[in-house]
Amino acid sequence: MLVSFPGQNNMLVLRSFMILFFSCITIKINLCFPSIPSSLKTLSIDGHFDFEQVEHAAKDFGNRYSYIPLAVLYPKSVSDIATTVNHVWQIGGGSELKIAARGHGHSLQGQAQTHRGVVINMESLQGHKMQVHTGNFPYVDVSGGELWINILRESLKHGLAPKSWTDYLHLTVGGTLSNAGISGQAFRHGPQISNVYQLEVVTDCLYLNIGKGEVVNCSEKQNSDLFYSVLGGLGQFGIITRARISLEPAPEMVKWIRMVYTDFATFTRDQEKLISGKSTFDYVEGFVIINRTGLLNNWRSSFNPQDPLQASQFKSDGRTLFCLELAKYFNHEDMVLVNQVSHS
């Protein structure tokens, strides 16, 4: 004989109601936010989305984080990027769909990745051809996905070069300008973001409600708030699609020197003296070496690494050494003067 208690009936009714309630919510959400991949596939763009081969976009130089995206956009035009950002803005924050611009993937902490979002492969952007402008204030107009090594090669054809670099040149313009772009010339010219005349930006600051995918030109005098926000803004205010970079006459020759220290106080004193002088070097950078004898012996140095007496002085196994890397730019007629400066 089965006996049903009023409390049990109430629980069954409540459970059935909850199942029906959440089912309705799920149906409503699906109606409001249709399949994201399907909506992206309907966009009219010159490039294409890849929804299958996306694992590579979940890796970067830091190799610490891995976020698998929903899709990777390979844009052929700035319009492709603007259309995608605008589409995400129209979907609304409820979809939680995010966008990340990826250059050469040299970020350290997953900044160019996004979980279940859209990664934009900036290297595939086919914007206007790189143009070098000579004159009293030379500059180069380049795509945000262009590599700095290509800018160097093209500008050298005109006897010019950018004022400020990063140590590694196989990085995109948009990538380094979104960070800072610091190297040994920064003490003289500032970082790369201090040597930009103008930017073209696709706004993507969704959480401030200004990221509607608009293509905006900005500079120190035009849309300056956006200009200074994007430079060094870690991609949080816009995606750099074009940049006008300041150039200067390229030197004919470079004198390159590396000095190794065992005393930190002496190392820092010399570095401060070199960057504060007016007629010393054009490039000054310091770094630390720990247990890297092989690195030292592979340098093109004034001593012979095969000479046991000389090479033994630079063994760093179990030790911490400090190094200054210096460079002096000059032309042939300045050879005597440069030798005097480097020995002073």
Rounded distance (nearest 0.5 Å) linking atom CD of Glu220 with atom CG of Leu199: 12.0 Å

Asn86 side-chain N/O to Ala82 backbone N/O, donor-acceptor pair under 3.5 Å: no

Expected output: side-chain Ser66 to main-chain Lys59 donor-acceptor under 3.5 Å: no

Side-chain touch Lys41/Leu43, heavy atoms, less than 4.5 angstrom: no

Trp148-Thr166 side chain donor-acceptor pair, cut-off 3.5 Å: no

Within one Ile-Leu-Val-Met-Phe-Trp-Tyr cluster: Val72 and Ile99, side-chain cutoff 4.5 Å: no

Pair Gln192-Thr176, side-chain donor/acceptor within less than 3.5 Å: yes

Test item: Thr241 side-chain N/O and Glu200 main-chain N/O as donor-acceptor pair under 3.5 Å: yes

Any donor-acceptor pair under 3.5 Å from Asn195 side chain to His189 backbone: yes

Distance-only donor-acceptor check, side chains Asp270 and Tyr261, under 3.5 Å: yes

Side chain to side chain contact (heavy atoms under 4.5 Å, CB included) between His104 and Leu147, worked out: CA-CA 8 Å; His104 210 56; Leu147 299 180; 4.2 Å; yes

Side-chain (Arg188) to main-chain (Phe281) donor-acceptor, under 3.5 angstrom: yes

Straight-line distance of Ser178 OG to Gln111 CD, nearest 0.5 Å: 10.5 Å

Ser219 and Tyr197: side chain donor to acceptor below 3.5 Å: no

Asp225 side chain to Tyr228 backbone, donor-acceptor under 3.5 Å: no

